[in-house]
Amino acid sequence: MGHASTALISRERDEAGSVRTVPPLTYLPLTERPARRLAQLLAGLALYGLSMSVLVRAALGVNPWSVLYEGLQRHTSLSFGTLSALVGVLVLLTWIPLRQKPTLGTFANVLVLACASDLGLFLIPADLGLPGRICLLAAGILLNGFSVAVYVGARLGPGPRDGLMTGTSSLTGGSIRLVRTLLEAAVLAAGWLLGGTVGVGTLLYALLVGPVTQFFLPWFAYRGTGEPAPVRQD
């Protein structure tokens with residue numbers, strides 16, 4: 001993770017004060033509108049990987065998992081994207097005792113994020129100066145939240161890190177919020193100890209990416225055949 005929970009929101013209030021219902025974000029088989037949903041999944045994951053590289057180039061603090069990748073990069077010769085993929089595979093191994101089952105979206109998450117983030121780091125120059133870095137931070141947070149809404153809305157399964165969160169929650173009985181907070185805090189601490197970048201961007205990401213995702217999700221959450229149409233409530 002992607003890092004966004006598939007148990008995000010079910011309702012979103014628009015500018016007029018009405019409530020737009022969001023369909024369930026549980027997995028739907030690829031047999032239902034495969035071309036549309038697969039394209040949405042891949043586009044969302046590619047944009048997410050790009051947003052990760054934008055935040056790295058901002059050098060003002062990144063999300064907890066990127067802090068870990070940065071920290072690991074300082075101690076290895078592997079690229080940021082390669083480390084993202086390797087950590088994703090290791091996290092997938094924790095699914096076995098948690099009885100989680102990977103899907104197409106899970107494997108796509110590992111591969112597409114790795115390639116897109118490395119490509120972004122290749123294309124985006126480093127050391128742009130403080131004004132440029134501030135712009136990159138704002139753009140990265142906005143793009144990250146948008147891309148989460150796009151790929152999660154395709155409903156083709158969670159990424160490795162999201163599955164770890166939901167599986168742990170199911171096994172322990174802890175709330176999604178508590179489990180996610182503890183996992184993110186542990187990852188952040190490990191990344192910081194390894195030398196990853198922690199800064200104001202890390203805090204802003206934590207505060208803003210959820211609301212940004214929530215704003216865009218109603219437009220991208222796929223509504224399956226037979227699921228009720230959106231209901232507006234004033």
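All values derive from a computational prediction rather than experimental measurement. Computed over heavy atoms, backbone and side chain alike; hydrogens, waters and symmetry mates excluded. In this chain, residues are counted from 1 in sequence order.
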Next on the checklist: Test: side-chain hydrogen bond (donor to acceptor under 3.5 Å, both in side chains). Region: residues 84-95. Which pairs qualify, not counting sequence neighbours?
Outcome noted: none
Could you tell me which non-hydrogen atom of [X] sits nearest to which non-hydrogen atom of [Y], and how far apart they are?
X	Y	value
L47	S147	CB-CB, 3.7 Å
G224	L28	CA-CD1, 3.9 Å
T103	G157	OG1-CA, 3.3 Å
R74	G196	NE-N, 4.3 Å
Y69	L83	O-CD1, 3.6 Å
G105	L41	CA-CD2, 3.9 Å

Quick one: pull up [atom1] in [X] and [atom2] in [Y] and give me the separation to the nearest 0.5 Å.
X	Y	atom1	atom2	value
R37	L156	CZ	CG	4.0 Å
R180	T168	CZ	OG1	13.0 Å
L98	L92	CG	CG	11.0 Å
R223	E32	CZ	CD	12.0 Å

Next on the checklist: With clusters defined by side-chain heavy atoms of hydrophobic residues (ILVMFWY) lying less than 4.5 Å apart, directly or transitively, does L90 cluster with L194?
Outcome noted: no
Next on the checklist: Test of understanding: clusters of I, L, V, M, F, W, Y form through side-chain heavy atoms closer than 4.5 Å, transitively. Do L111 and W65 belong to the same one?
Outcome noted: no
Which residues satisfy the side chain to side chain donor-acceptor pair (under 3.5 Å) test with [X], sequence neighbours excluded?
X	value
Q100	T166
R36	Q40
T197	E70

Heavy atoms, side chains only, cut-off 4.5 Å: are [X] and [Y] in contact?
X	Y	value
V112	L42	yes
T76	T82	no
R161	N109	yes
F80	S53	no
Y205	V62	no

Item to check | Residues that F146 engages under ring pair (Phe, Tyr, Trp, His ring centres under 6.0 Å), provided they are two or more places apart | outcome: F216, F220
What pairs with [X] under side chain to side chain contact (heavy atoms under 4.5 Å, CB included), at least two apart in sequence or on another chain?
X	answer
V198	V67, L188, W192, T202
L104	L30, L38
L183	L164, M165, V179
V200	L60, L204

Result block: side-chain N/O donor-acceptor pairs under 3.5 angstrom for residues 117-126, not counting sequence neighbours:
| unit_1 | atom_1 | unit_2 | atom_2 | d |
| --- | --- | --- | --- | --- |
| S117 | OG | L113 | O | 2.7 |
| S117 | OG | A114 | O | 3.2 |
| D118 | OD1 | S79 | OG | 3.4 |
| D118 | OD1 | G81 | N | 2.7 |
| D118 | OD2 | S79 | OG | 2.7 |

Item to check | Other ILVMFWY residues reachable from L178 by side-chain steps of under 4.5 Å | outcome: L182
Name the atoms and distances for all side-chain donor-acceptor pairs under 3.5 Å in residues 131-142, with sequence neighbours left out.
| unit_1 | atom_1 | unit_2 | atom_2 | d |
| --- | --- | --- | --- | --- |
| R133 | NE | A58 | O | 2.9 |
| R133 | NH2 | A59 | O | 3.0 |

